[in-house]
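Okay, so here's the structure we're looking at.
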Amino acid sequence: MTIPNDIRITPELVADHGLKPDEYQKILDLIGREPTYTELGIFSAMWNEHCSYKSSKKWLKTLPTKGPRVIQGPGENAGVVDIGDDQAIVFKMESHNHPSFIEPYQGAGTGMGGILRDVFTMGARPVAAMNALRFGAPDHEKTRHLVSGVVAGIGGYGNAFGVPTVGGEVEFDERYNGNILVNAFAAGLADTDKIFYSKAEGVGLPVVYLGAKTGRDGVGGATMASAEFGDDIEEKRPTVQVGDPFTEKRLLEACLELMATGAVIAIQDMGAAGLTCSAVEMGAKGDLGIELDLDKVPVREEQMTPYEMMLSESQERMLMVLHPEKEAEARAVFEKWELDFATVGVTTDDLRFRVKWQGDEVANLPIKELGDEAPEYDRPWTAPKVPAPLAAGDVPQMDVADALLALMGGHQTASRRWVYEQYDTLIQGNSLQRPGGDAGVIRVEGHATKGLAFSSDVTPRYCEADPYEGGKQAVAECWRNLTATGAEPLAATDNLNFGNPERPEIMGQLVHAIKGIGEACLALEFPIVSGNVSLYNETNGQGILPTPTIGGVGLLPDWNQMARIGFAAANEVILLIGAPPSRGTHLGQSIYLRDLFGRKDGPAPHVDLAHEKRTGDFVRKLIRSGVATACHDLSDGGLAVGLAEMAVASGIGATVTDLTDQDPVLQYFGEDQGRYLMTVNLDPQGDDLAALWREAEALGIFAPWIGTTGGIDLVLGAARPLPVAELKTAHEGWFPNYMADEAA
Amino acid sequence: MKARVTVTLKAGVLDPQGQAIEGSLKSLGFGGVASVRQGKVFDLVLDGTDEASARSELNSMCEKLLANTVIENYSVEITN
Amino acid sequence: MKARVTVTLKAGVLDPQGQAIEGSLKSLGFGGVASVRQGKVFDLVLDGTDEASARSELNSMCEKLLANTVIENYSVEITN
Amino acid sequence: MKSAVIVFPGLNRDRDMIAALTKVSGTAPAIVWHQDADVPDVDLIVIPGGFSYGDYLRCGAIAARSPIMDKVRERAARGVKVLGVCNGFQILIEAGLLPGALMRNKSLKFVCREVKLEVVNADTAFTRGYTKGEVFRCPVAHHDGNYFADSATLERLEGDGRVAFRYAEGTNPNGSLHDIAGIFNEQKNVLGLMPHPENLIEAAHGGDDGRALFTGLLGQAA
Ligand SMILES: Nc1ncnc2c1ncn2[C@@H]1O[C@H](COP(=O)(O)OP(=O)(O)O)[C@@H](O)[C@H]1O
Ligand SMILES: [Mg+2]
């Protein structure tokens, strides 16, 4: 297959490139002539949703991105946040939704590869990874196959690369039947004075290509990632990229070695629309032109056209601008690691992006405008309709013990062990909390006491009911999960997964979710430092649940003062911190309603950000003071599920007394926000606990003593005692049982 | 009845395994190797004796499980 | 010159992959599958044109790298 | 005691192993790149875990055929102790220094979890930090740890005290025959094992059950 460069540009061809007629007109105006075929490809790559953020840019700008610890916010390969001692944590989250639906193993694997590259491109060695996964209904015919492939793909790549997976999410909902979500997060450590950026500096310097050879992988991939799925999905298949973690691991080591030599001026990984996006970005950021000679590009297939080379998404490749006097040294590093190293271009002073091939100039475009002049839309949106509150007294009844057992053994809250045991969770030897708790925690290698916590969260059903509250809740839950380990939440990354933004109701979801996220980040001092937007997640006109995933990072000054979720000992006081006096009342959008009664009604729970902050700060202080022996925030399934998870984590039971004047269903299964369970090793009658309560009261936080740990049962008031072993069997059973009939 | 199913990567699909093997063969002194691509074979023993129906079963096994038709081709052969 | 090397597990050597595939095929409704063993193929492109010397090179590649002769058998075929 | 760690491209638990050796012995091991001409004069050579050459072809196969392994073989023949962990075990098997084969896990899945190991032979330089029959915690993280050997080989391994560790208490994570987790060569100066004792040597790891392997080996009191 060869595609000539002098092909005629027809309206159909323009449409095939995902460009609207007015967008094409803009191209004509900008360059004053018809583009060559290669140029059309370059524009389509630069101006599609994925690279240009044309639908979301206006709203993303409203997010808080600054803070005393923020070294680099959005706009680079990853965000950079100061963690003290001249070190920084570098992190980002990115989606690989469409590729993972088409080929789950390779799609998810290359998603991991991409996010790891974003992190080590900046000079950071990856130290932690997470993955947030959303699949269709468990009984949908494709779900098992997708779960199995995606999990194996993430493991296959991450395990071989050698980064511990410390957390993530897995959810099932029929709204993802035709469009799963695979969001991958990675974080790396770097010295603050050795961070590398993509901005090229200096004229006449070599532009160097590193890593794997270029093939036809994913040609058109970036365009595909932004296109709505239709029934012609089969035809889009040949663009699948195959990951090579062995090459990525060598690329990591070679890049870090090369950076240490001082040879690197600018570096950019080749992700979506590989050579095009990376070269344009390096040049445009540095106010420089770039000239590429495609005859120098290492290729692994014959007769590749310039169009294909410019749009190839072959993995495990990097572009750098190097100090010319260090080129030989740089080449030696790459030869040691047996990776391709080729000088493929030069920086110029004319702000043009020029591409040469076999003696011809196949592209000559204004480099700044390629990015800066990309279309930006203020798409029309409509305000989401928020569901009415549940009628007074509308509390569907079920035996509390039966309900808890059903939820613990249901797809929403069952243990994800089946998933995370396929991931290497302890490589590097720094994992202090592996998946299964509130947040993953690693120690900072080389530091005696410092730790970092990671969590990924969003509750899509809340976002669907109320994108604004749902956006707030996603941030708050992430912040809460970090806090529950004793960490100080530092900053976050977001991965905004939505449907087709050309539909005003979807755009309305995006606008309101961003508003909620922004307000929560501001109130919780939790700036957004990087992120990714994935739109057009729909199949045949049905959008996914709005899913703005938040990945957060927290800092523990001393991991010896860190909380875990398992009850630590018998006879300890259990406090419910941050709850209303009724403990809980909010049943709207709860999993109690959804999973036990098939109801998806009612408003999403409200997040009181000021109260959230006060409560979290208080919880963290208690953990750091050493009085807390275990801590767990409440989320899906409310108080009952929270208690059960703490019991199951250690095998220790508990007895909790009912509030007599409150419906047990509400107090045990309400999903009111901003609540933590904590056990303390304090005498219930003693002064220390009294002092704790006085302090809470002064802060306006209610922290009642609701029960005591001990025994082998979980006793929720008047409900039948549930053996912890039975809860554990239910909790651990769902996933392996479900996947056991994988082939069926 | 015995059958062999051979599954190979489609042209153009990256084959990291093949590449690594190629590199290793070269460093072991096999200089004349221009390229290596790795695939799979499945040797099956089937009940039944009708070749035509076996063939169609095997094709359907490939489509459903043995091959990942997004990136792989397959071929089916009755070996006895 | 093109060649195909096929590497299969020796009889008696445990084949967890083959077993799992056999189980999956059965649960997909392919009841007539009596057994499955998984192996590998390598498609090589070789410089040179002498078939006999290619064959001996290929055998030596198998002995040295492509097959683990403790547990695997191999066969070599010139395909063009 | 002087030690050296051999590094092949694609290994990724080299840093974990170097840290463990350094923390337990107080001295950093020599690091040997696979293209180095020789292994320095040491008492212990370690091949750590990971995915050498991506584990493409067969786990450990390509690394096992690199020239540095000839040097390892020479040293082993002279009585130098050689320890292979996880991919290191696979490499030692592919290099013919240990018998048998490590097949894909029975579940066909990568598995990372904690298992229990029983010390079968505590009478060697590697295992003297433990007592015979002792059961200790140890993490595993591998895709191909399903030990296979023909019955004659298994009989010989069992009869000659060459099984070092067995998965205990029903924790076999991969389907290994005889629950084998680690084996010695005939002279018992080469040990290969799938689990990762180097990831359980200090409080931060949640325990130090793996430490005795290193203290025993490096000639320190446990
Ligand atoms: N895909 C995954 N990869 C790794 N760990 C996961 C994954 N999905 C869930 N987990 C882990 O399982 C535990 C429960 O997840 P979740 O219910 O989402 O926690 P929370 O309600 O505290 O946010 C967490 O420790 C989480 O990190
Ligand atoms: Mg939590």
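All chains are named by letter (A, B, ...) in the order of the sequence lines, taking the proteins before the strands, and each is independently numbered beginning at 1. No experiment lies behind these values; they were computed from the predicted model shown.
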Count the heavy atoms of every other residue, nucleotide or ligand shown that sit under 6.0 Å from [atom1] of [X], and state whether that count exceeds 12.
X: C/Lys26; atom1: NZ; value: yes
X: D/Lys116; atom1: NZ; value: no
X: D/Glu155; atom1: CD; value: no

Among residues 72-80 of chain C, those lying within the under-4.5 Å heavy-atom range of chain D are C/Glu72

Expected contact set for residues 6-22 of chain C against chain D at heavy-atom separation under 4.5 Å reads C/Leu9, C/Gly12, C/Val13, C/Leu14, C/Pro16, C/Gln17, C/Ala20

Comparing D/Leu108, D/Asn105, D/Leu177 against chain C, the one with the most heavy-atom pairs below 4.5 Å turns out to be D/Leu108

Worksheet item: How far apart are the closest heavy atoms of D/Arg65 and C/Leu65, and which atoms are they?
Response: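 Between these two residues, the closest heavy atoms are CD-CD1, 3.2 Å.
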
Nearest heavy-atom contact between D/Leu57 and C/Lys40 is O-NZ, 3.1 Å

Under 4.5 Å to a heavy atom of chain C? For D/Asp150 that would be neither

When the 4.5 angstrom heavy-atom criterion is applied to D/Arg104 and chain C, the contacting part is both

Comparing C/Ile71, C/Val70, C/Asn68 against chain D, the one with the most heavy-atom pairs below 4.5 Å turns out to be C/Asn68

